[in-house]
There are 4 protein chains.
Amino acid sequence: MPAKKPTAEDQTNESSLGGAIDAIMAAVEQEEGAMTDKKRRIVEAAIHCFAENGYAATATNTIARRAGVAEGTIFRHFETKKDLLIRLVRPLFSPSLLPLVAKELRTETERADGDLRTLMCTILANRLAFADRFAPLVRILIQEMRFHAELREAVAENFPVGLQIAADTVLKPYIASGQIRAVEPALFLRSVISLLVGYYVIRTEVLPAQEWDDEAEIGRIVDLMLDGLRPR
Amino acid sequence: MPAKKPTAEDQTNESSLGGAIDAIMAAVEQEEGAMTDKKRRIVEAAIHCFAENGYAATATNTIARRAGVAEGTIFRHFETKKDLLIRLVRPLFSPSLLPLVAKELRTETERADGDLRTLMCTILANRLAFADRFAPLVRILIQEMRFHAELREAVAENFPVGLQIAADTVLKPYIASGQIRAVEPALFLRSVISLLVGYYVIRTEVLPAQEWDDEAEIGRIVDLMLDGLRPR
Amino acid sequence: MPAKKPTAEDQTNESSLGGAIDAIMAAVEQEEGAMTDKKRRIVEAAIHCFAENGYAATATNTIARRAGVAEGTIFRHFETKKDLLIRLVRPLFSPSLLPLVAKELRTETERADGDLRTLMCTILANRLAFADRFAPLVRILIQEMRFHAELREAVAENFPVGLQIAADTVLKPYIASGQIRAVEPALFLRSVISLLVGYYVIRTEVLPAQEWDDEAEIGRIVDLMLDGLRPR
Amino acid sequence: MPAKKPTAEDQTNESSLGGAIDAIMAAVEQEEGAMTDKKRRIVEAAIHCFAENGYAATATNTIARRAGVAEGTIFRHFETKKDLLIRLVRPLFSPSLLPLVAKELRTETERADGDLRTLMCTILANRLAFADRFAPLVRILIQEMRFHAELREAVAENFPVGLQIAADTVLKPYIASGQIRAVEPALFLRSVISLLVGYYVIRTEVLPAQEWDDEAEIGRIVDLMLDGLRPR
DNA sequence: CATGAATGAGAATTCATTCAT
DNA sequence: TATGAATGAATTCTCATTCAT
C-alpha cells in the first residue's frame with residue numbers, strides 16, 4: 001500500500017470560509033447542474049485551496065486530498081486545472097445573480113422612500129453581505145484575474161452592466177430631485193465602491209482581529225460621502 | 001526621474017515597467033549594497049516576471065533567461081526563490097523611503113499655506129507619482145502579501161508609522177483650525193487611501209486604454225471628499 | 001533458496017547480487033506489503049545501485065533507468081530518496097527475521113547434541129549463509145550506517161536482542177557444563193563476530209578472486225577459538 | 001555583498017578528530033612537501049568533512065567554508081575533488097610509514113625477550129595507538145575504498161608487504177620455538193587483525209560512550225588468542 | 001463514475017569547476 | 001597565490017494529466 005489512500009478525514013474542516021460555502025455551492029450547483037457528492041467535494045476543496053494559497057501554488061493533489069477523492073476523479077469532472085478555476089468563478093457572473101442584485105437594489109430604493117441616507121446605508125450593507133457570502137470566490141477572482149484572460153473578459157462583460165443598473169436606479173433620480181449634486185456617475189460609483197472595498201479589506205484582511213460594527217461604520221462612510229469633510 | 005504615466009502601449013510590449021525601473025533599482029541598490037552587473041540584471045528580471053505573472057507562476061529558469069545569466073547565478077545571490085521575492089520588495093519599507101515621504105508631506109503642508117484643497121491635491125498627486133514610480137514593486141507586494149507572512153509582517157510594521165505621520169501632519173492642524181469636521185483619523189485615512197487606490201486601479205488595471213487626466217481627476221476626488229454629495 | 005557463494009565473476013558483470021536478490025525481495029515484500037511490479041523493480045534497482053556505488057553517489061535518475069520506470073514513479077512509492085534507503089534496509093530488522101535466527105540457533109544447539117565444535121561450526125556456517133543471502137542489504141547498512149542516524153538507531157534497537165539470545169542459547173550452557181572457560185559473554189560474542197566478519201570481508205571484498213572452502217575455513221576458525229594458539 | 005565571505009571563524013573546531021590531526025598533518029606534509037597555511041587548512045578541513053560525511057556527500061564549498069578559504073583556492077592546490085581525496089589518503093601508504101611500523105615491530109619483539117604474551121600485547125597496543133592516531137584517514141580509506149579503484153590499488157600494493165613483515169617477524173620465530181602451534185600465517189594474521197578491528201569499532205563507533213580500559217581489553221583478547229575457549 | 005499507479009516535463013536547488021581580477 | 005563571481009549540467013523532487021482497471 002504505497003500511497004496513502006485519501007479519506008474524507010483529510011479534509012481539514014477549519015472552514016475559514018465560514019457559512020459562505022453554502023451560498024456558493026448553491027450558486028455553483030445552479031451553473032453546473034446536478035453534481036455527484038464527489039464533484040461537490042472537489043468544488044468545495046478547490047475553492048478553499050485557491051482562495052487560501054492561490055491558483056498556481058495549489059496542487060491538484062492537494063485538492064484531491066482535501067476533497068477525499070482520488071486525483072483522477074478531478075479530471076473526470078473538469079478537463080484541466082484551469083477549467084476547474086474558471087468554472088468555479090463563473091457563478092459570480094451567473095445570469096441569475098446580477099439581475100438578482102438589480103432587483104434587490106430596486107426594492108431597497110423603494111423601501112427607503114426617498115431618504116437618501118437610509119438608501120445608501122442599505123445598499124452598502126447589502127453589498128457587504130454579498131461580499132461576505134461570496135468572499136472566497138471574489139477573492140479568487142481578484143487574485144487570478146490578472147493572470148487569466150478568460151476571467152478578465154468575464155469581468156469586462158458583466159461589470160459595466162452592474163454599473164449601469166446602479167447609476168440608473170440610484171443616482172439619476174436623486175440628482176433629478178436635487179438631493180445629490182450633479183457628479184459624474186463614474187466618479188460616484190468608483191468612489192462608493194472604493195470606500196466599501198477599502199472598508200472590506202481593512203475589516204477582513206488587515207485588521208481581522210479587531211471588532212467591527214458594520215452598521216456604524218457604514219453610517220460613517222455614508223455621512224462622509226454625503227456631507228464631506230468640511231463643516232456645513 | 002519623473003513618474004511616467006503608464007499607457008496602453010506599456011501593457012503589451014515587453015518592458016511594461018517603463019522608466020519606473022530606474023527608480024526601483026536605485027532603491028534596491030540602497031538596500032542590497034553594491035551589486036554586480038549580473039545581480040542587477042537578475043533583480044530587474046525578477047521584478048518584471050513577478051509583477052507580470054505572479055511569484056508562483058514564475059520559474060527561476062525564466063528569470064535567468066530574461067536576465068541573461070545562468071540559472072545557478074540566481075542562487076549565488078539569493079538563497080532561495082522566496083528570498084529573492086522578499087529582498088525585492090524590501091526597498092518599499094526602506095528606512096530611507098518612509099521618512100522621505102514624511103518630509104515631502106511636511107513640505108507640501110507648508111507650501112499649501114493653509115489652503116486645504118491645494119494641500120490635498122498635492123498630497124494625492126505625490127502619492128500617485130510614488131505609486132507610479134514603484135508600481136511593479138507595489139503590484140508584487142499586493143499580489144503576494146496574502147501568501148507570504150514575511151511580507152505581511154513588513155507591511156504591518158511599517159504601515160502604521162505612515163498613518164501616524166499623515167494624521168499628525170495633515171489632519172490635526174486642520175481640525176484644530178475648524179477647516180475639517182472632527183472625523184476619526186482612521187476613517188479619514190482609510191477613505192483617502194481607498195479613493196486614491198480605487199482611482200489608481202481603475203486607471204492602470206481596469207481601463208488603461210482610456211486617457212486619464214490625473215490633475216482633473218484628483219481635483220474631483222478632493223472636491224467630493226471635502227464637500228460631499230449633497231448640494232451646499 | 002540456498003546461499004550462492006559470490007565469485008569473481010559476479011564482481012564484474014551487472015548483476016553482482018546473484019540469486020541473493022530473491023531472498024531479499026521476499027523479505028522486503030513482507031515489510032512493504034503487496035507491491036506493484038514497478039515498485040518491486042525500483043526496490044531491486046535501488047539495492048543494486050546503493051550497494052555498488054553508495055547512497056550519496058547514486059542518482060535517483062540512475063535507479064529509475066535501471067528499474068525501467070519513470071523517475072517520478074520512485075517518488076510515488078517513496079517520499080524521498082532517503083526514505084527509499086531506510087525502507088530497503090528495514091527488512092534486516094524485521095520482527096520475522098531475528099526470531100527466525102534465534103529459532104535456528106536453538107535447533108542447531110539441539111542437533112549438535114553437546115558437541116561444542118560441531119555446534120560452533122554450524123552456527124558460523126549458518127551466519128555466513130545469512131550474510132550471503134542478504135549481502136547487498138548488509139553492505140548498504142554497513143556503508144551508510146555512519147551517515148544516517150535512523151539506521152544507527154535501528155541497529156542499536158535490534159542488535160542487543162540478538163546478542164542476548166546468542167549468549168543465553170550457546171554460551172551459558174557450555175560454561176555451566178565446563179566445556180568453555182568462564183569468559184565474558186561480551187568478549188566471546190565480539191570475538192566470534194569479529195572473526196566471522198573478518199573472514200567474510202576477506203572472502204568477498206579483499207580477495208574475491210581466490211577460491212574459498214567455507215567449511216574448512218570455518219573449521220580452522222573454530223579450532224583457533226577453542227584451542228588457542230598455544231600448543232596443548 | 002551577496003555571498004558571505006568565509007572566515008577562519010567558520011571552522012567549527014569541534015575537533016572530533018582529537019589530537020590525531022597533528023600526526024596526520026605531519027604525515028601529509030611529508031608527502032605534499034611544504035604547504036602554505038591555506039593549503040594546510042584545506043587538507044585539515046577535507047579530512048574532517050570526508051571522515052564525517054563521506055566523500056560523495058561533502059561539497060567542496062563546505063570544505064572551503066570550514067577551511068576559511070575561497071572555493072577557488074581548493075582547485076589551485078588540488079586538480080579535482082577526487083585528487084584531493086586521493087592525496088589525503090596517500091600518506092597512509094607513505095614509504096616512510098610502513099617501514100616505520102616494521103621497525104617498531106622488530107623493536108617490540110626484541111624487548112619482549114621471548115615472552116609471547118607480552119609481545120602480542122605490545123603489538124596490539126601499538127597498532128591501536130596507530131589506528132587512533134590516523135583514525136580519520138583510516139576511516140576515509142575504508143569508507144571510500146569500495147568506490148575508488150585508485151584507493152583499492154594502493155591498498156592491494158601495500159597491504160601484503162605489511163603482512164609479510166608481520167609473519168616473518170612475529171609468527172615464524174615463535175612457531176619455530178614451539179610456543180605457537182603451526183597455524184597458517186594468513187589465518188593468524190586475519191584473526192589478530194579481525195579481533196583488533198572488532199574491538200576498535202566497538203570502542204569508537206558502537207559504544208563510544210562506555211569507558212574502555214585498552215590495556216585490560218587487549219590482555220583479554222590476547223589470552224583468548226593464546227589459550228582458546230576450552231579450559232586447559 | 002471512480003480509482004490510483006504511472007508518466008515525463010519541468011521545478012528549485014546544488015555543485016564541481018573555471019576564470020578574470 | 002588567492003579570490004569569488006559565474007557557470008551549466010546534474011540532482012532531487014513536483015505536478016498536471018493519462019489510462020487501464
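Note: hydrogens, waters and symmetry copies are ignored here, and every other heavy atom, side chains too, is used. Order of the sequence lines fixes the chain letters, A, B, ..., with proteins taken first and strands second; residue numbering starts at 1 for each chain.
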Quiz prompt | Contact check, side chains of B:Lys39 and B:Glu32, non-hydrogen atoms, under 4.5 Å | solution = yes

Quiz item: Of all heavy-atom pairs between D:Cys49 and D:Thr62, which one has the smallest distance, and what is that distance?
Solution: SG-CG2, 4.3 Å

How long is the line joining [atom1] of [X] and [atom2] of [N], in whole Å?
{"X": "A:Asn53", "N": "F:dT14", "atom1": "CG", "atom2": "P", "result": "16 Å"}
{"X": "A:Ile63", "N": "F:dC15", "atom1": "CD1", "atom2": "P", "result": "11 Å"}
{"X": "D:Ile42", "N": "F:dG4", "atom1": "CD1", "atom2": "P", "result": "13 Å"}
{"X": "B:Arg41", "N": "F:dT7", "atom1": "CZ", "atom2": "C1'", "result": "13 Å"}
{"X": "C:Phe78", "N": "F:dT12", "atom1": "CZ", "atom2": "P", "result": "15 Å"}
{"X": "D:Ile74", "N": "F:dG4", "atom1": "CD1", "atom2": "P", "result": "13 Å"}
{"X": "C:Met35", "N": "E:dA5", "atom1": "CE", "atom2": "P", "result": "13 Å"}
{"X": "B:Arg65", "N": "E:dA11", "atom1": "CZ", "atom2": "C1'", "result": "13 Å"}

Exercise. Please identify each residue that fulfils side-chain contact (heavy atoms from CB on, under 4.5 Å) with D:Arg76, with sequence neighbours left out.
Key: none

Practice problem: For F:dA2, take OP1 and OP2 only and decide whether either is under 4.0 Å from a side-chain N or O of D:Thr36. | Solution: yes

Quiz item: E:dA6 phosphate, OP1 or OP2: any side-chain N/O from C:Lys39 under 4.0 angstrom?
Solution: no

Quiz prompt | Any donor-acceptor N or O pair under 3.5 Å, side chains D:Thr60, D:Glu71 | solution = yes

Quiz prompt | Nearest listed nucleotide, side chain of B:Thr73, among F:dT7, F:dA2, E:dA6 | solution = F:dT7

Quiz item: Taking the side chain from B:Arg152 and the backbone from B:Met145, do they hold a donor-acceptor pair closer than 3.5 Å?
Solution: yes

Quiz item: Quick one: does B:Tyr55's side chain have a donor or acceptor within less than 3.5 Å of a partner on B:Phe147's backbone?
Solution: no

Practice problem: Please give the nucleotide sitting opposite F:dA20 as a Watson-Crick or G-U wobble pair, both distances under 3.5 Å, or none. | Solution: E:dT3

Quiz item: Are B:Glu150 and B:Lys82 close enough for a salt bridge, meaning some N to O gap below 4.0 Å?
Solution: yes

Quiz item: Tell me, for nucleotides 12-17 of chain E in 5' to 3' order, what letter each nucleotide earns: B for a base near a protein heavy atom under 4.0 Å, S for only sugar-phosphate near one, - for neither?
Solution: BBBSBB

